[in-house]
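This report refers to the structure that appears directly beneath it.
A, B, ... follow the sequence lines: proteins, then strands. Residue 1 opens every chain. Nothing here was measured: the structure is a model prediction, and the numbers come from that model.
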Number of protein chains: 2
Amino acid sequence: MLKYQQIAADIEQEIVDKDLQQGDKLPVLDAFMAQFDVSKSTITKALDLLEKKGIVYQVRGSGIFVRRHKRRGYISLLSNQGFKKELDGFQITSEVLALDIRRPTAEAARNLAVNPEESVYYVKRVRYINGQTLCIEESYYNKSVVSYLNNEIVSESIFNYISDALGLNIGFSDLYFNVGKINKKEAELLRLPDASPGLFMEQIFHLTNGQPFDFSKITYNYEQSQFFIQANNYFL
Amino acid sequence: MLKYQQIAADIEQEIVDKDLQQGDKLPVLDAFMAQFDVSKSTITKALDLLEKKGIVYQVRGSGIFVRRHKRRGYISLLSNQGFKKELDGFQITSEVLALDIRRPTAEAARNLAVNPEESVYYVKRVRYINGQTLCIEESYYNKSVVSYLNNEIVSESIFNYISDALGLNIGFSDLYFNVGKINKKEAELLRLPDASPGLFMEQIFHLTNGQPFDFSKITYNYEQSQFFIQANNYFL
DNA sequence: TAGTGGTCTAGACCACAAG
DNA sequence: TTGTGGTCTAGACCACTAT
């Protein structure tokens with residue numbers, strides 16, 4: 001692990017351990033430089049990482065402060081990998097409805113940037129949170145990247161498998177969503193009345209080298225769908 | 001403007017001018033160093049900024065590539081300032097339903113971190129996109145930050161006023177949302193049937209020094225609500 | 001092996017905030 | 001005025017990709 005990543009992790013851990021709250025001040029740069037025995041740039045890099053993650057904010061001339069939102073049970077749309085951390089204390093399980101190798105839809109082929117003739121993995125799951133339906137998920141995986149999947153893998157965290165077992169590095173993702181009414185089939189799976197509100201999401205995941213490997217379409221149970229985003233204003 | 005910001009802006013402009021697409025390769029670092037006559041760190045800083053904005057991705061040992069999503073008409077949830085840029089070609093207008101100074105609700109006071117006795121600006125608007133209802137927006141502004149508002153300002157972009165006229169620096173925001181059914185009052189304003197699906201968003205905006213100054217509750221017309229997010233995987 | 005991006009340093013200097 | 005974070009440099013060295 002790189003120095004600045006380790007330092008960032010240490011500082012983050014310290015925030016958790018000391019249960020620091022929004023607005024609490026962290027030590028000054030000089031203190032961190034001494035503590036970790038590294039140059040100013042390395043500390044800055046570590047803090048920039050924490051800032052990107054939405055954990056601190058830096059104020060010139062003043063100090064470094066903790067950024068911590070207070071609401072629990074919201075799904076973070078930035079931490080990519082589905083749920084996990086944001087929902088600690090919440091139990092996520094999956095029921096696998098389909099797992100096979102097939103031709104992608106035109107839409108899937110386009111989003112995965114693969115030839116429509118080329119087979120892909122298809123996975124359809126219903127996901128549950130504390131026993132209640134959370135969402136229906138249909139995923140297409142580029143087979144030349146994700147070469148093998150089985151029922152066991154697909155019942156657990158597919159992303160853990162991809163990064164840990166396959167050693168692939170997940171880089172970034174594009175996420176689109178809109179709101180509408182669910183159809184009869186979706187209503188059945190989500191155990192909701194027909195034409196209930198629904199959140200429809202599409203997400204394309206890329207490796208760090210830019211290659212798309214996963215195109216997913218997710219329909220959320222509106223009763224369980226609470227999301228949050230921490231945005232930074234790089235935009236001016 | 002700082003060197004690295006200017007360089008980032010120049011590179012971004014060049015991507016637009018040359019109409020580069022997702023995956024297109026940019027010049028190598030050495031070329032940029034020569035072109036702008038700055039050190040490697042400065043170029044790296046500029047490219048990191050563009051990476052945070054979701055405009056490029058960098059691949060070690062390979063190069064720097066353009067990242068560009070293809071779908072148009074989606075509202076970016078990361079570029080903070082409501083709409084504007086993402087919706088070029090789309091006309092956004094506002095109808096002001098209320099503008100006054102009042103005691104905040106308990107909820108607004110909590111989110112703005114002000115005393116419940118302390119008056120705040122309250123603004124309620126309906127926003128239209130190409131003449132169709134887009135959303136209902138109720139906003140509370142911390143009066144000790146946003147000291148003055150009038151009907152003219154509030155009919156246009158409040159954020160432009162805050163940054164340009166008041167000279168305040170908008171830093172980051174926390175955004176929460178869920179999906180449900182709109183009530184009768186909301187249905188009227190959005191010109192939708194009662195109990196239509198709706199997206200309910202709450203957003204807290206902070207200055208760069210961390211002070212919250214705007215708490216907004218927004219109800220979106222589900223027919224006009226298409227959103228996108230470009231996420232990076234800093235999370236591992 | 002050569003090319004390319006990433007990390008890290010030490011230090012000079014700048015810009016903003018607080019007292 | 002002092003403290004604090006931010007920018008920028010020049011250069012050494014490292015890690016990954018492509019060929």
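- Taking for each of Ser62(B) and Thr208(B) the nucleotide of DNA chain C with the nearest heavy atom, the 5'-most of the two is the partner of Ser62(B).
- Here the P atom of nucleotide dC14(C) and the CE atom of Met1(B) are 21 Å apart, to the nearest Å.
- Residues that satisfy the ring-ring contact (aromatic ring centres under 6.0 Å, His included) test with Tyr4(A), not counting sequence neighbours, are absent from this structure.
- Rounded to an integer number of Å, the gap from Phe32(B) CZ to dG6(C) C1' is 16 Å.
- Contact between the side-chain N/O atoms of Tyr4(A) and the OP1/OP2 oxygens of dT7(C) is found at a separation under 4.0 Å.
- When each of Val59(A) and Asp30(B) is assigned the nucleotide of DNA chain C bearing its nearest heavy atom, the one mapping closer to the 5' terminus is Asp30(B).
- Within residues 33-58 of chain B, the residues that place at least one heavy atom under 4.0 Å from DNA chain D are, in residue-number order, Val38(B), Ser39(B), Ser41(B), Thr42(B), Lys45(B).
- A donor-acceptor pair shorter than 3.5 Å cannot be found between the side chains of Tyr176(A) and Gln226(B).
- Side-chain atoms of Asn160(A) never come within 3.5 Å of backbone atoms of Ser157(A) as a donor-acceptor pair (strictly under, hydrogens ignored).
- No close placement of the Phe213(A) and His206(A) rings is indicated, their centers lying 6.0 Å or farther apart.
- Closest-nucleotide positions on DNA chain D for Leu29(A) and Leu2(A) were compared, and the one nearer the 5' end corresponds to Leu29(A).
- Considering only side-chain atoms of Arg60(A), the nucleotide from dA15(C), dT9(D), dC16(D) that sits closest is dA15(C).
- No hydrogens or angles considered: nothing links the side chains of Gln35(B) and Asp10(B) as a donor-acceptor pair under 3.5 Å.
- Aromatic ring centroids of Tyr220(A) and Phe227(A) lie under 6.0 Å apart.
- When the P atom of dG5(C) is taken as reference, atom CG of Asn209(A) falls 15 Å away, rounded to whole Å.
- Note: Tyr57(B) and Phe172(A) have tilted aromatic rings, judged against thresholds of 30 and 60 degrees for the angle between ring planes.
- Comparing the helix axis at one end of the helix from dT1(C)-dA18(D) to dA18(C)-dT1(D) with that at the other, each defined from 5 consecutive pairs, gives an inter-axis angle of 20° (nearest 10°).
- Taking the six-membered ring wherever Trp is involved, the centroid distance between the rings of Phe159(A) and Phe205(A) falls below 6.0 Å.
- His69(A) and Phe228(A) have tilted rings, their planes meeting at an angle from 30° to 60° on a 0 to 90° scale.
- Rounding to whole angstrom units, CZ of residue Phe65(A) and P of dA17(C) are separated by 11 Å.
- Closest to the side chain of Val28(B), from the set dT4(C), dC16(D), dT9(C), is dT4(C).
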